[in-house]
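Keep in mind that what you see is a predicted model, and the values were worked out from it rather than measured. Letters A, B, ... are given to chains in the order of the sequence lines, protein chains preceding strands, and every chain is numbered from 1.
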Number of protein chains: 2
Amino acid sequence: MTAHDHDSPAAVPAGPAPLATVAAAAGVSVPTVSKVLNSRPDVSAATRAKVQAALEAHGHTVRRPVSKPTGLVDIRVVSLESTWSEAVVRGAAESARRHGVDLVITVDPDPDDCGAWVRHALARGTDGAVSVVTVPDAAERQAFADALVPVVVVDPRVRPPEGLLSVGATNWQGGLDATAHLVALGHRRIGTITGDDAQANALARLAGYRTALIQAGIAPDDSLVRRGDFTVDAGYEEAWHLLSLDDRPTAIVASSDDTALGALRAVREAGLRVPDDVSLVGFDDLPIAAWLDPALTTVHQPLVEMGAAAVDLLHRARSGTGHTVRAELATTLVERASTAPPPEVVRGPVRART
Amino acid sequence: MTAHDHDSPAAVPAGPAPLATVAAAAGVSVPTVSKVLNSRPDVSAATRAKVQAALEAHGHTVRRPVSKPTGLVDIRVVSLESTWSEAVVRGAAESARRHGVDLVITVDPDPDDCGAWVRHALARGTDGAVSVVTVPDAAERQAFADALVPVVVVDPRVRPPEGLLSVGATNWQGGLDATAHLVALGHRRIGTITGDDAQANALARLAGYRTALIQAGIAPDDSLVRRGDFTVDAGYEEAWHLLSLDDRPTAIVASSDDTALGALRAVREAGLRVPDDVSLVGFDDLPIAAWLDPALTTVHQPLVEMGAAAVDLLHRARSGTGHTVRAELATTLVERASTAPPPEVVRGPVRART
DNA sequence: CTGTTAGCGCATTCAG
DNA sequence: CTGAATGCGCTAACAG
């Protein structure tokens with residue numbers, strides 16, 4: 001290489017050529033080249049192809065269409081039937097309102113596949129997307145990335161992949177707090193009804209339960225761990241299993257308020273009382289928890305705040321400020337009337353259901 | 001007028017002139033005239049003014065911009081904190097999904113003024129609007145009409161003005177059914193806690209209550225009618241008033257499940273039992289009604305269906321088919337465990353609260 | 001033949 | 001003053 005190649009006529013690729021040059025090569029006007037360069041829509045397919053070739057030949061790279069803000073943020077929930085999703089939506093709606101954007105809500109029952117939602121939202125155009133529980137797959141995340149649309153998953157079912165924004169609660173701490181509360185009341189045999197064990201939050205709560213027992217010097221007993229799926233019915237069924245044990249527990253940690261509700265019914269049908277014979281702790285702190293009789297001791301999840309945090313995270317991602325990848329919000333134990341010290345004497349297993 | 005004026009050269013204003021004529025008069029091309037005629041955006045203000053003048057001089061009238069469908073439908077709720085609105089939103093979401101449009105949800109606490117929402121939705125562009133409870137004022141309705149955007153009010157607070165689309169439940173029938181059910185059980189002294197009496201549905205329920213009494217030959221007694229506002233607290237307070245009467249009622253018709261919940265608490269604090277001493281009927285049939293102890297007898301309002309009906313109505317209004325102005329959905333009495341025959345002997349008023 | 005829509009380039013404006 | 005980005009009105013192709 002010579003020491004003075006700055007005026008060498010052979011030094012062609014010293015940066016991108018002027019648009020006029022490209023325009024001449026493609027046989028179109030300069031504005032048309034500019035439009036293709038910026039992916040504007042008002043160019044025919046034929047012309048666009050010609051110009052693209054010419055651009056690339058001259059060291060240009062076609063830019064992504066600079067999508068103007070739509071003023072819309074999408075949220076997808078699996079169901080609105082539970083108060084759970086509803087609280088998240090409410091929080092998201094409040095935050096959207098503060099940010100001056102509108103919230104587009106989609107209810108789509110499939111807990112695993114949000115592909116249709118992703119495609120639809122991107123086709124319409126959106127400033128950001130919140131997926132509740134469902135984690136988009138790699139292709140879907142790429143589609144969002146290509147469109148420069150940020151995504152946040154609230155309470156992801158599975159461990160969120162590296163780099164995916166998410167919002168959650170301190171599930172491990174919550175499971176620990178619930179169990180430690182029972183230990184402090186004097187319980188030694190504490191059963192639990194978990195959620196779906198394919199679900200990250202359920203596993204975290206279970207781990208918290210185990211840790212609390214170990215910290216108290218109680219050896220975890222797998223016969224006291226029943227697997228449920230967060231529903232009322234699972235709570236009812238699995239509570240019966242626990243109550244039928246020869247050495248039945250004096251307290252039950254449920255994976256959700258719904259599960260606790262089912263367990264409460266089972267305890268009553270077994271002829272036992274809450275909290276005199278069996279203490280019960282829920283998880284979520286849905287409105288119904290306060291209205292149950294007895295009012296349910298439960299782990300409060302800040303669902304409204306989680307919904308709001310999701311939209312806040314989108315906003316910060318868009319504005320380039322903020323580098324939070326996961327926002328984890330604190331749970332708090334709410335002590336009500338469904339927990340008490342264990343009875344002096346625990347009688348044997350309840351008799352089978354009629 | 002002559003019998004043959006079809007070829008008379010003086011018969012100038014026989015309909016609008018061709019666009020070519022207008023174009024020549026305005027000194028622009030024919031497509032530009034077409035754009036102005038259709039209120040398309042890509043015409044400068046100066047040119048638009050010239051062309052508009054020429055158009056009007058030649059018997060044309062500028063058309064409203066034919067807004068292409070946005071694929072969005074707006075819904076406004078006063079709050080998402082009650083399960084009530086949530087059910088309506090859920091129904092609307094399902095129907096929107098069926099129609100292939102997206103639902104934009106706005107939570108705006110003001111129960112009377114939806115002006116900000118109306119302006120915002122119309123500025124962005126929307127295919128239809130659902131207002132829950134709040135009735136838009138005349139100016140707002142006119143703004144919708146100008147933009148050719150249909151509006152539906154769900155369960156309007158006030159009697160909806162002539163021509164405004166609305167969806168409601170058979171509130172009068174519901175109030176009648178609840179009361180007649182108690183009459184059939186043998187109750188003669190039946191109290192009621194109404195909703196806000198500025199609200200149309202509350203008045204209809206009260207009228208149904210009165211009608212049922214009269215049909216049963218029972219003279220309505222105004223001391224048994226307490227005015228509430230649909231809340232838990234009102235139920236609690238007004239139930240105390242009823243229970244403190246010298247000749248206290250053996251049954252209470254509440255204006256909502258929330259009100260019934262408050263009343264239930266008051267009855268218990270008064271040392272009485274439901275339904276043994278006092279029967280209780282709610283209104284709405286929210287999920288909590290089934291989970292109360294005792295499970296609440298209540299008038300089911302098809303809230304999900306009402307939400308769906310609202311979006312259906314919008315769709316029919318848009319497609320020009322369908323001339324329904326108000327969809328009124330049937331309520332049904334759900335008999336559970338909070339109602340029973342009255343006690344043989346009714347003791348006097350309960351003693352005052354501590 | 002009348003009216004509508006797509007797509008291109010002129011002229012202007014904007015950024016450095 | 002140069003290179004790039006738009007607003008806007010034209011021609012051309014199309015639809016009824």
Side-chain angles (χ1 to χ4, degrees), chain A residues 6-7 9 11-71 123-125 147-148 320, chain B residues 6-7 9 11-71 123 125 147-148 319-320:
Chain A
H6 56 86
D7 54 357
V12 177
L19 292 204
T21 312
V22 182
V28 297
S29 70
V30 172
T32 301
V33 176
S34 172
K35 286 170 184 176
V36 172
L37 185 61
N38 295 296
S39 298
R40 288 182 40 142
D42 54 341
V43 178
S44 69
T47 307
R48 186 183 301 275
K50 278 194 312 187
V51 176
Q52 266 179 5
L55 275 169
E56 278 155 28
H58 289 82
H60 281 278
T61 169
V62 172
R63 299 166 199 162
R64 189 153 297 294
V66 54
S67 48
K68 8 176 179 176
T70 58
R124 169 184 15 86
L148 298 179
Chain B
H6 55 86
D7 55 357
V12 178
L19 291 205
T21 311
V22 182
V28 297
S29 71
V30 172
T32 301
V33 176
S34 173
K35 288 174 182 177
V36 173
L37 185 60
N38 295 297
S39 298
R40 288 184 39 146
D42 53 342
V43 178
S44 70
T47 307
R48 187 183 300 274
K50 277 195 312 188
V51 176
Q52 266 180 5
L55 275 169
E56 277 155 29
H58 288 82
H60 282 277
T61 167
V62 172
R63 300 167 199 162
R64 186 153 300 291
V66 55
S67 48
K68 330 126 233 211
T70 58
L148 298 178
S319 61

*Between Ser39(A) (side chain) and Arg63(A) (backbone), is there a donor-acceptor pair under 3.5 Å?*
yes
*Examine distances only and state if a side-chain atom of His58(B) and a backbone atom of Ala54(B) form a donor-acceptor pair shorter than 3.5 Å.*
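Answer holds: yes.
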*Could you work out which one of dC8(C), dT6(D), dT4(C) sits closest to the side chain of Ser34(A)?*
dT6(D)
Protein-nucleotide distance ([X], atom [atom1]; [N], atom [atom2]), rounded to Å:
| X | N | atom1 | atom2 | result |
| --- | --- | --- | --- | --- |
| Leu37(B) | dT2(C) | CG | P | 15 Å |
| Asp42(A) | dC8(D) | CG | C1' | 11 Å |
| Arg40(B) | dT5(C) | CZ | P | 6 Å |
| Lys35(A) | dC8(C) | NZ | C1' | 6 Å |
| Leu19(A) | dT2(D) | CG | C1' | 12 Å |
| His60(B) | dG3(C) | NE2 | P | 6 Å |

*Scan nucleotides 11-16 of chain D nucleotide by nucleotide, 5' to 3', and note B when protein non-hydrogen atoms come under 4.0 Å of the base, S if they reach only the sugar-phosphate, - if neither.*
BB----
Strictly below 4.0 Å: does [X] bring a side-chain N or O up to OP1 or OP2 of [N]?
| X | N | result |
| --- | --- | --- |
| Asn38(A) | dA5(D) | yes |
| Thr47(A) | dG7(C) | no |
| Thr32(A) | dG7(C) | no |

*Val28(B) and its side-chain contact (heavy atoms from CB on, under 4.5 Å) partner, picked from Val22(B), Val36(B), Thr47(B)*: Thr47(B)
Considering only nitrogen or oxygen atoms on both sides, find all protein atoms under 3.5 Å from nucleotides 12-16 of chain C and state each distance.
none

Categorize [X] for me: base, sugar-phosphate, or nothing, with a 4.0 angstrom heavy-atom threshold over every strand shown.
| X | value |
| --- | --- |
| Ser44(B) | sugar-phosphate |
| Arg63(A) | sugar-phosphate |
| Val33(A) | nothing |

